[in-house]
Amino acid sequence: MSVIINRKKSILFLFKEGRKERIDNLKEVPSEFFYGYKEFLKEGYLVSALEEKELNLNIKNKFIKKFLNLISKFMMNLPLNNIFALIFNKSYLKLLDADFIIATTNSLGITLSIARNFGLIN
């Protein structure tokens, strides 16, 4: 006989700046701007959020940044600098821990899509 552990799925939302502060006041603001955050929380999912500034997608090394921007131009302007910054960031581990990731901006969505295709996240 095997034991089945019913673990709740974890969902990580990636927001623009300022959303986490407003999440605490969901009763006072329209919830549709939070892409189901409130509803998933009510259903018992393990819901968390990161903002773009916490992902720190700003590359400090100017040479690497210029190099990635140059290569990006030849690859249909794919956000290679965001992908590079993402995988060398502490927040990358939070992405690996999440069962589902909901990106609420196009730039983050494209970055995650490419990272997934390269096998960097599931």
Between atom CZ of Phe40 and atom CD1 of Ile11, what is the distance when rounded to the nearest 0.5 Å? 4.0 Å
What distance do Ser10 atom OG and Phe100 atom CZ have between them, rounded to the nearest 0.5 Å? 8.5 Å
Test Glu39 against Glu43 for side-chain contact (heavy atoms from CB on, under 4.5 Å), laying out the working first. CA-CA 6 Å; Glu39 290 76 16; Glu43 291 294 321; 5.7 Å; no
Contact summary for Phe13 and Gly36, nearest pair of heavy atoms: CZ-C, 4.0 Å
What's the separation between atom CZ in Phe15 and atom OG1 in Thr105, rounded to the nearest 0.5 Å? 10.5 Å
Name all residues meeting the side-chain contact (heavy atoms from CB on, under 4.5 Å) criterion together with Ser48; count only those two or more places apart in sequence or in a different chain, and write none if there are none. Leu12
Is it true that, when you exclude Asn106 itself, more than 12 heavy atoms of the residues, nucleotides or ligands shown sit nearer than 6.0 Å to its CG? no
Could you tell me the separation between the CD atom of Glu51 and the CG atom of Leu108, rounded to the nearest 0.5 Å? 11.5 Å
